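Encoded as structure tokens, the structure appears first; notes follow it.
Letters A, B, ... mirror the listed sequences (proteins, then strands); counts begin at 1. Keep in mind it's a predicted model, so treat the numbers as computed, not measured.
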Amino acid sequence: MTDQNSPEIADDLPEQMRFRRTKREAILEAGAEPYALTYPRTATLAEVRAKYPSLEVDEQTGDMVSVTGRVMFVRNTGKLCFATLQDGDGTQLQIMLSLDKVGPERLDDWKKLVDLGDQVGVTGEVISSKRGELSVLAAEWTMTSKALRPLPVAHKPMGEETRVRQRYVDLIMRPAARDMVRNRATAVRSLRDSFHERGYTEVETPMLQLVHGGAAARPFVTHFNALDRDVYLRIAPELFLKRCVVGGIDKVFEINRNFRNEGLDSSHSPEFAMLEFYQAYADYNVMADLLREVIQEAAMAIAGSHVVTLHDGTEFDLGGQWRSVTVFGALSEALGEEVNVNTSYEQLVQYAEKHDLAVDPKWIPGKLAEELFEKLVQHTLQAPTFVRDYPEDTSPLVRAHRSTPGLVEKWDLYVRGFELGTGYSELVDPVIQRERFELQAKLAQKGDAEAMPLDEDYLRALEYGLAPAGGVGMGIDRLMMALTGLGIRETILFPLVRPE
RNA sequence: GGGCUGCUAGCUCAAUGGCAGAGCUGCGGACUUUUAAUCCGUAGGUUCAGGGUUCGAGUCCCUGGCGGCCCA
């Protein structure tokens, strides 16, 4: 601590950061390394815990191990020091450093140089303390990575914003943050396994697209220098996956990122992971069953049950068959009046006014019906529910309903009041598809920024013949919300946030 | 987009318009069985930024930045 005024140590830093830099320099001046090349670890903290589940109080094993971890708590006494190390998986284990084992110099170094948050390696005997705590009694310790910033206080919850902006700190401090990362990995792996078991092929389709399509959303635009033209970040992979089915990849899926140039807040992320899958000779009924199965398998993978425990401790049942309602059936029930796809626009406007829904004059009748549904019914759909049979004019890529004119064979899956996924019987007739695109072009001309542009190459593909097919899209982030009860920002490791 | 609201020490938070504080963290010391160790001592501030009102602003007003909640 003698070189506190060393010119290398900026004096405008907060006091605690200056001290930590000073300690780093002290380690270097002593000829040691504050950032070790490596440490010859022989066991993780979890492995030590697993191997010695129940030592007696004050027991010695005679077994030497080398462990590593981040210092989370320190309890130093005069000649015997305790610290709690934490491993990457969150497992904690106590280490002890005694004067008679490490000697006066290294014990003194420990007390002078080690801060909360530092990473260390410790070699010593596995013992239990006089209070029965499983411990490694150090014969040697090594600084493996000196932390120059202090950790937040462990006993007060971090601010939400700091957690999002500095997720690495959140991961150190909060088991739930680590659980989310691993649960998400488990769920995604489960999805891949589910599809591979069913004979599906995973593909990767373009993220940079000359024509964007497959969803109603505003795209991000970027510039491709080699072509000297703007290209789009994809809003959905749908049209490319259907090209795959044209080519004979009869069961195809993709798990990848989509980008939508919309609002930025705690419930919307401009980039989000999406699962889409398509199956030849399937319809929307088959696809609904399949989506239910793969979600239930994901729940089983992370919770060991179709009943998942949400972060607030409540249980949520994803098991069994799921309820199915129709858009207009559920809307009629909520209104107390019979409405259907033939209900006039004027009548729908009256219902909207009656229920305090502000009508955007740009809305087409089908859109108005959907908005009414979202206002009146959506929040009531807590248990998993397939909402079926949407108006044709809002669904340009979906096949007409097999029995009811004006409707299409599309469902949305609602869970806990939000939309988790959507599935269709796909529109495969290239002539009707061209008409639908032309209708979208008219909407775009009227100023609908979300209208779909006409995709000639996609139509060309359809003209070679797309087998009858069902398709499904589901947001991975939303799946994690459904499985954990957390908000979307908690499900994304590094959500985009406004610059500090 | 509209309304409400927050931003103060490393972290979590206090402070009628009148000396900017606490706990933990940090630093110095004591302690060979601690578990958020304890005990003694001590340091740490551009109160988000800029402007205004006032004898005096963390506090009141205006503009901007970054959040949160509610509404559309």
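Judged by distance alone, the side chain of A:Gln378 and the main-chain N or O of A:Lys375 form no donor-acceptor pair under 3.5 Å.
Annotation: B:G21 and B:A15 have their P atoms spaced 14 Å apart (nearest Å). Spacing between B:A57 and B:U16 at atom C1', rounded to whole Å, works out to 13 Å. As rounded to the nearest Å, B:A14 and B:G64 have P atoms that lie 27 Å from one another. For the C1' atom pair drawn from B:G23 and B:G44, the interatomic distance equals 14 Å after rounding to whole Å. For the C1' atoms, the distance linking B:U53 with B:G17 amounts to 11 Å, nearest Å. Using atom C1' as the reference point in both B:G45 and B:U25, the two lie 16 Å apart (nearest Å). When the C1' atom is compared between B:C60 and B:G2, the two are found 25 Å apart, to the nearest whole Å. Distance noted for atom P between B:G10 and B:A72: 41 Å (whole Å).
Looking at A:Asp115 and A:Lys23, a side-chain N of the basic residue comes within less than 4.0 Å of a carboxylate O on the acidic one, giving a salt bridge. Ionic pairing of A:Asp118 and A:Lys146 is present here: one or more N-O contacts between side-chain nitrogen and carboxylate oxygen are shorter than 4.0 angstrom. In this structure, A:Arg163 pairs ionically with A:Glu490, as a charged nitrogen and a carboxylate oxygen lie closer than 4.0 Å. One finds no salt bridge joining A:Lys367 and A:Glu392 here, because no Lys/Arg side-chain nitrogen approaches an Asp/Glu carboxylate oxygen to under 4.0 Å. Between A:Arg184 and A:Asp179, no side-chain nitrogen of the basic residue sits less than 4.0 Å from a carboxylate oxygen of the acidic one, so the salt-bridge criterion is not met.
Here A:Lys101 lies out of heavy-atom contact (under 4.0 Å) with every strand. Residue contacts shown for A:Glu161 are limited to sugar-phosphate atoms, with no base heavy atom under 4.0 Å away. A:Lys79 comes within contact range of at least one nucleobase, with a heavy-atom separation under 4.0 Å. Residue A:Ala358 is in sugar-phosphate contact alone, with no base atom involved, counting any heavy-atom pair closer than 4.0 Å across all strands shown.
Here B:C27 sits opposite B:G41 as a Watson-Crick or G-U wobble pair (both hydrogen-bonding atom distances under 3.5 Å). In this structure, B:C13 forms a base pair with B:G21, meeting either the Watson-Crick or the G-U wobble geometry with both donor-acceptor distances under 3.5 Å. Pairing for B:U33 is absent, judged as Watson-Crick or G-U wobble with the two contacts each under 3.5 Å. B:G64 is paired with B:C48 under the Watson-Crick or G-U wobble criterion, all donor-acceptor distances under 3.5 Å.
A:Lys375 has a side-chain polar atom (N or O) that falls below the 4.0 Å cut-off from OP1 or OP2 of B:A72. For B:G68, one of the phosphate oxygens OP1 or OP2 lies less than 4.0 angstrom from a side-chain nitrogen or oxygen of A:Arg489. OP1 or OP2 of B:G10 has not a single side-chain nitrogen or oxygen of A:Arg149 nearer than 4.0 Å.
Heavy-atom distances to RNA chain B give each of A:Val114 and A:Glu15 a nearest nucleotide, and the one nearer the 5′ end belongs to A:Val114. Heavy-atom distances to RNA chain B give each of A:Arg20 and A:Leu80 a nearest nucleotide, and the one nearer the 5′ end belongs to A:Arg20.
Geometrically, A:Lys410 does not engage A:Tyr424 in a cation-pi contact defined by less than 6.0 Å to the ring centre and at most 45° from the axis.
Here the nucleotide nearest the side chain of A:Val153, chosen from B:G10, B:U33, B:G26, is B:G10.
Take A:Phe373 and apply the ring pair (Phe, Tyr, Trp, His ring centres under 6.0 Å) test, not counting sequence neighbours, and it matches A:Tyr414.
Residues from residues 47-75 of chain A lying near RNA chain B, meaning a heavy-atom separation below 4.0 Å, are A:Phe73, A:Val74, A:Arg75 in numerical order.
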